[in-house]
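To start, the structure itself, in structure tokens.
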Amino acid sequence: MPFAIPSTEKKCGTCRHWTGTRRAGQSNKVSEVESPSARGPCSERTRGNVEVSANQACAKYERWDLLRL
């Protein structure tokens with residue numbers, strides 16, 4: 001069962017820079033990842049593709065284009 005991160009939370013799993021495995025769910029109001037500790041590269045230019053968890057927060061956050069509030 002996937003772990004859902006609400007689009008209102010500024011977490012890596014809902015950020016446009018996070019390139020881990022995920023999908024938009026519940027009418028595009030959540031990001032569904034395998035688990036809260038799922039990891040994926042951050043493509044934000046100053047982060048250098050470092051692997052971060054989906055449940056992590058960051059000051060460079062930008063909402064993923066597929067999500068709605």
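Here the straight-line distance linking atom CH2 of Trp18 with atom OG of Ser31 works out to 6.5 Å at 0.5 Å rounding. Here the straight-line distance linking atom CZ of Arg63 with atom SG of Cys15 works out to 10.0 Å at 0.5 Å rounding. Between the NE2 atom of His17 and the CZ atom of Arg45 there is a distance of 10.0 Å, given to the nearest 0.5 Å.
Scanning all heavy atoms of the two residues, the minimum distance from Asn49 to Ser43 falls at OD1-CA, 3.5 Å. Considering all non-hydrogen atoms of both residues, Lys11 and Tyr61 come closest at O-CE1, 3.4 Å. The shortest non-hydrogen separation linking Ser35 to Ala54 is O-CB, 4.4 Å. Between Val52 and Arg47, the shortest heavy-atom contact is CG1-NH2, 3.0 Å. Here the closest non-hydrogen pair linking Ser27 and Arg68 is O-NH2, 2.7 Å. Smallest separation of non-hydrogen atoms from Ser53 and Pro36: CB-O, 4.1 Å.
Side-chain atoms of Arg39 come within 3.5 Å of backbone atoms of Glu51 as a donor-acceptor pair (strictly under, hydrogens ignored). In terms of modelled atom types and a separation under 3.5 Å, the side chain of Lys29 and the main chain of Leu69 share a donor-acceptor contact.
For Glu9, the CD atom counts as densely surrounded, since its 6.0 Å shell holds more than 12 non-hydrogen atoms of other residues, nucleotides or ligands. Atom CD of Glu34 is surrounded by 12 or fewer heavy atoms from other residues, nucleotides or ligands within 6.0 Å.
Between Cys42 and Thr19, every side-chain heavy-atom pair lies at or beyond the 4.5 Å cut-off.
Of the residues listed (Thr21, Ile5, Thr14, Asn55), the one engaging Val33 in a side chain to side chain contact (heavy atoms under 4.5 Å, CB included) is Ile5, and it is the only one.
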